[in-house]
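Inspection log for the structure reproduced underneath, given as structure tokens.
Note that the structure is predicted; figures quoted are calculated from it, not measured. These numbers come from the heavy atoms of this one structure, side chains and all, not from hydrogens, waters or symmetry mates.
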Amino acid sequence: WLCNLMINQAPETDTANLTNAVMLARKSSNFAFKEAIIVAAAQSYYVQGYVKRAFNLVREMAYSTGHGKYFFLLGTWALEQGNSSVAADYFKLAEEKNIARADVYRAIANTEADSLQKAVSDWDSLSRSSDPEKVKLANSMKAVLQATPEQVTNFSDSNKYAYIRYRIK
């Protein structure tokens with residue numbers, strides 16, 4: 001019930017109640033509920049704009065449990081906050097924990113971070129995937145990132161947009 005309230009009523013959840021929930025979750029007698037309560041509180045904090053608190057709580061759970069889903073969540077939040085380099089690092093950790101599509105998100109984060117050498121390397125790896133969707137996306141992004149201005153005129157509109165977004169500064 002408590003986790004459901006914190007997630008579904010995130011904008012309205014009182015931060016004092018969130019703080020109390022986290023303190024209760026950390027009591028040894030509540031060990032079985034700790035992870036769920038802390039992550040739910042973090043999501044509520046994030047929705048309310050307390051990004052640093054949210055990151056700290058999820059980071060605590062990511063490193064204490066080793067669950068890749070929390071590294072993926074941290075990467076997603078970092079990407080959303082415009083910190084693409086940090087996002088790429090979290091997605092790499094999620095990928096090491098075998099989280100689906102973390103490799104794609106790492107490539108996106110490196111592309112967003114203007115780490116073109118890393119991004120091209122990531123997209124090149126994805127182009128050899130057994131997943132045809134990943135291959136298609138990777139080949140498209142490799143073409144965009146490695147294109148010369150003369151080649152852009154032959155691109156689709158979506159690839160032209162990607163070229164402008166990632167290559168023209």
Side-chain angles (χ1 to χ4, degrees), residues 3 6-8 10-11 13 15 18 22 25 34-147 155-169:
C3 293
M6 287 188 282
I7 292 171
N8 292 319
T13 304
T15 56
L18 293 174
V22 169
K34 178 180 179 178
E35 183 180 337
I37 291 171
I38 288 179
V39 172
Q43 290 174 333
S44 191
Y45 276 129
Y46 188 82
V47 167
Q48 293 184 33
Y50 296 98
V51 175
K52 185 176 179 180
R53 283 186 196 174
F55 265 84
N56 287 340
L57 290 171
V58 174
R59 190 178 303 115
E60 175 188 337
M61 289 299 95
Y63 285 102
S64 67
T65 66
H67 294 158
K69 62 185 176 183
Y70 300 133
F71 292 113
F72 192 87
L73 178 59
L74 288 165
T76 304
W77 283 353
L79 199 56
E80 188 174 84
Q81 294 299 313
N83 199 337
S84 305
S85 296
V86 169
D89 292 338
Y90 282 125
F91 288 130
K92 183 176 181 181
L93 291 168
E95 185 180 357
E96 290 169 2
K97 303 286 185 181
N98 299 315
I99 298 299
R101 302 192 60 80
D103 51 353
V104 174
Y105 281 85
R106 181 169 52 103
I108 291 168
N110 277 324
T111 305
E112 291 283 334
D114 293 329
S115 301
L116 293 184
Q117 187 176 9
K118 289 180 182 177
V120 169
S121 176
D122 289 344
W123 292 117
D124 187 56
S125 294
L126 288 167
S127 72
R128 293 187 296 276
S129 170
S130 60
D131 181 340
E133 287 183 31
K134 286 183 182 181
V135 172
K136 182 179 177 185
L137 176 61
N139 287 334
S140 176
M141 287 304 297
K142 276 179 31 181
V144 165
L145 296 177
Q146 296 174 325
F155 280 0
S156 66
D157 286 346
S158 61
N159 280 3
K160 285 177 185 173
Y161 169 77
Y163 182 85
I164 291 167
R165 179 175 177 153
Y166 298 120
R167 294 290 310 275
I168 297 178
K169 301 296 174 203

One pair to check against salt bridge (charged side-chain N to carboxylate O under 4.0 Å, His left out): K92 and D103. What are the steps and the verdict? CA-CA 7 Å; K92 183 176 181 181; D103 51 353; over 6 Å; no

With sequence neighbours excluded, tell me which residues meet side-chain contact (heavy atoms from CB on, under 4.5 Å) with R165. E112, Y161

Tell me every residue that passes side-chain contact (heavy atoms from CB on, under 4.5 Å) with S115, counting only those two or more places apart in sequence or in another chain. N110, A113, K118

Tell me, with the steps shown, if V39 and L57 meet side chain to side chain contact (heavy atoms under 4.5 Å, CB included). CA-CA 7 Å; V39 172; L57 290 171; over 6 Å; no

At what distance, to the nearest 0.5 angstrom, does [atom1] of [X] lie from [atom2] of [Y]?
{"X": "S121", "Y": "L145", "atom1": "OG", "atom2": "CG", "value": "11.5 Å"}
{"X": "D89", "Y": "L74", "atom1": "CG", "atom2": "CG", "value": "11.5 Å"}
{"X": "S130", "Y": "K134", "atom1": "OG", "atom2": "NZ", "value": "7.5 Å"}
{"X": "S85", "Y": "L79", "atom1": "OG", "atom2": "CG", "value": "10.5 Å"}
{"X": "Y105", "Y": "I99", "atom1": "OH", "atom2": "CD1", "value": "12.5 Å"}

Are side-chain heavy atoms of [X] and [Y] found at a separation under 4.5 Å?
{"X": "V58", "Y": "W77", "result": "yes"}
{"X": "Q43", "Y": "L73", "result": "yes"}
{"X": "E95", "Y": "F91", "result": "no"}
{"X": "V51", "Y": "Y45", "result": "no"}

Only counting residues at least two apart or in another chain, list the ones meeting ring pair (Phe, Tyr, Trp, His ring centres under 6.0 Å) with Y63. F71

Salt bridge (charged side-chain N to carboxylate O under 4.0 Å, His left out) pairs, two or more places apart, involving [range]:
{"range": "residues 58-77", "value": "R26-E60"}
{"range": "residues 34-52", "value": "none"}
{"range": "residues 119-132", "value": "R106-D122, D124-R128, D124-K142"}

Shortest non-hydrogen separation from [X] to [Y] and the atoms involved:
{"X": "T111", "Y": "W123", "value": "OG1-NE1, 2.8 Å"}
{"X": "A138", "Y": "S127", "value": "CB-N, 3.5 Å"}
{"X": "Y46", "Y": "Q81", "value": "OH-NE2, 2.9 Å"}
{"X": "L18", "Y": "A41", "value": "CD2-CA, 4.0 Å"}
{"X": "L126", "Y": "V104", "value": "CD1-CA, 3.9 Å"}
{"X": "A25", "Y": "I37", "value": "CB-CG2, 3.7 Å"}

Working for side chain to side chain contact (heavy atoms under 4.5 Å, CB included), residues D157 and K160: CA-CA 5 Å; D157 286 346; K160 285 177 185 173; 4.2 Å; yes

Could you tell me whether [X] atom [atom1] has more than 12 heavy atoms of other residues or ligands within 6.0 Å of it?
{"X": "F55", "atom1": "CZ", "answer": "yes"}
{"X": "Q146", "atom1": "CD", "answer": "yes"}
{"X": "F155", "atom1": "CZ", "answer": "yes"}

Determine, stepwise, if the pair M141 / Y166 fulfils side chain to side chain contact (heavy atoms under 4.5 Å, CB included). CA-CA 10 Å; M141 287 304 297; Y166 298 120; 3.9 Å; yes

Would you please indicate if the ring centroids of Y90 and F72 are separated by under 6.0 Å? no

Quick one: does S44's side chain have a donor or acceptor within less than 3.5 Å of a partner on A40's backbone? no

